[in-house]
*Asks:* 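Encoded as structure tokens, here's the structure I'll be asking about.
The figures here come from the full heavy-atom set of this structure, side chains too, leaving out hydrogens, waters and symmetry mates. Protein chains get the first letters and strands the later ones, always in sequence-line order, with residue 1 at the start of each.
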Amino acid sequence: MPELPEVESVARSLVSGQGVSKGILGQTFSKAVLSWNKTVALPSAASLKRRIPGQQVLGVGRRGKFIRIDLSNETILIHLRMSGDLILGHSEKALGKHSRLRFYFENGLQMSFNDPRKFGRVWLLEDPEEVLSKLGPEPLDSSLSPADFYERLHPRKRQLKALLLDQAFLAGIGNIYADEALHAAKLHPLRLAHSISRKQSNALFKAIQSVLEEGIRRNGASIDWVYQGGEFQNYFAAYQKTGEPCPRCATPIERMVLGQRGTHYCPFCQPAP
DNA sequence: CACGAGACCTGTTCGC
DNA sequence: TGCGAACAGGTCTCGT
């Protein structure tokens, strides 16, 4: 499910308390129950269960595709990978059919990490930078300028699509927003980064920011049964639009496989290198 | 450094 | 209707 806008939406729902009376800020954990051991990346399952009770939630945020929950003594990091979701609720039904890890709060509320495909991972760390320091910059951080983006892009000799998916290059972009950004910037996914002009780089940077911002504004994209509540899927220009007319020029959108990922583009607006 | 393939998993949809 | 193949928002590891 989740790329930056979807993860941002999930993080915000934890604060707003979507579907329940209030969010998790200020609440204190009473216990953690794990039903798929591999869900916990670090520390051991036993250590996590021992350390969670009594800790209070002081803050909720996002870095790249990670959700971070800052506690009294340490930080929880959650990566939803392909099919994860965080659900607040009280009933078994509300908390999801594939709940892999469940956090209980002292006031009776539960937070369920629901993850059908079991790819998602949770960390409990004294220093979250242990994991987060591998990430590239935040694409929506105002301290990242178009010039900075070009400086990162230009030395690289990779295909644009692969580079955008590389979390060490830029944090938070996934398959949907990579395709949408390249389409908006009129750049073919196979273009090599070092062949991109400064003007094209600026256009790409702007496109990345605008598709991510629109994604957030629409609470992310809900493509299939995994994640509900988003609306951005109704505004895709290229992603999963194979055979449908490009909204700019009406040429049918094409699909290719790149790095084992379905890649959608307009063969007219995004000329092949 | 760059690339492709295979792993990790389950659920849904597509083609015959 | 049934059944296998293909596909899905991600990332890690290994071989070339």
*Asks:* Closer than 4.0 Å, any side-chain N/O of K65(A) to the OP1 or OP2 of dG9(C)?
*Replies:* no
*Asks:* Searching all strands shown, indicate the nucleotide that pairs with dG11(B) (Watson-Crick or G-U wobble; both distances under 3.5 Å).
*Replies:* dC7(C)
*Asks:* Any idea which heavy atoms bring F149(A) and S201(A) closest together, and the distance?
*Replies:* CD2-OG, 3.4 Å
*Asks:* Assess whether one donor atom and one acceptor atom, taken from the side chain of R156(A) and the base of dA2(B), lie less than 3.5 Å apart.
*Replies:* no
*Asks:* Does dT10(B) have OP1 or OP2 sitting under 4.0 Å from an N or O in the side chain of K118(A)?
*Replies:* yes
*Asks:* Is W225(A) stacked on the base of dG11(B) when the test is centres under 5.5 angstrom and planes under 30 degrees?
*Replies:* no
*Asks:* Could you identify the nucleotide paired to dT16(C), looking across every strand shown and requiring Watson-Crick or G-U wobble geometry with both distances under 3.5 Å?
*Replies:* dA2(B)
*Asks:* Is R117(A) salt-bridged to D115(A), going by a charged N under 4.0 Å from an acidic O?
*Replies:* no
*Asks:* Does NZ or CZ of R102(A) come closer than 6.0 Å to the centre of the six-membered ring of F113(A), within 45° of the ring's axis?
*Replies:* no
*Asks:* Assign F232(A) to base, sugar-phosphate, or nothing according to its heavy-atom contacts below 4.0 angstrom with the strands shown.
*Replies:* nothing
*Asks:* Is the distance from OP1 or OP2 of dG9(C) to the nearest side-chain N or O of Y239(A) less than 4.0 Å?
*Replies:* yes
*Asks:* Is any side-chain N of the basic residue among K241(A) and E180(A) closer than 4.0 Å to the acidic one's carboxylate O?
*Replies:* no
*Asks:* Does R261(A) put a side-chain nitrogen or oxygen below 4.0 Å from OP1 or OP2 of dG9(C)?
*Replies:* yes
*Asks:* With a 4.0 Å cutoff (strictly under), does any side-chain N or O of K38(A) reach OP1 or OP2 of dC9(B)?
*Replies:* yes
*Asks:* Scan T39(A) against the nucleic acid and name what it touches under 4.0 Å (heavy atoms): base, sugar-phosphate only, or nothing.
*Replies:* nothing
*Asks:* Side-chain donor or acceptor of Q260(A) under 3.5 Å from a matching atom on the base of dG6(B)?
*Replies:* yes
*Asks:* Report yes if at least one side-chain N or O of H98(A) is closer than 4.0 Å to OP1 or OP2 of dT10(B); otherwise report no.
*Replies:* no
*Asks:* Indicate whether OP1 or OP2 belonging to dC3(B) is found under 4.0 Å from a side-chain N or O atom of R158(A).
*Replies:* yes
*Asks:* Between dA2(B) atom C1' and F169(A) atom CZ, what is the distance in whole Å?
*Replies:* 15 Å
*Asks:* Are the charged groups of E213(A) and R217(A) less than 4.0 angstrom apart, N to O?
*Replies:* no
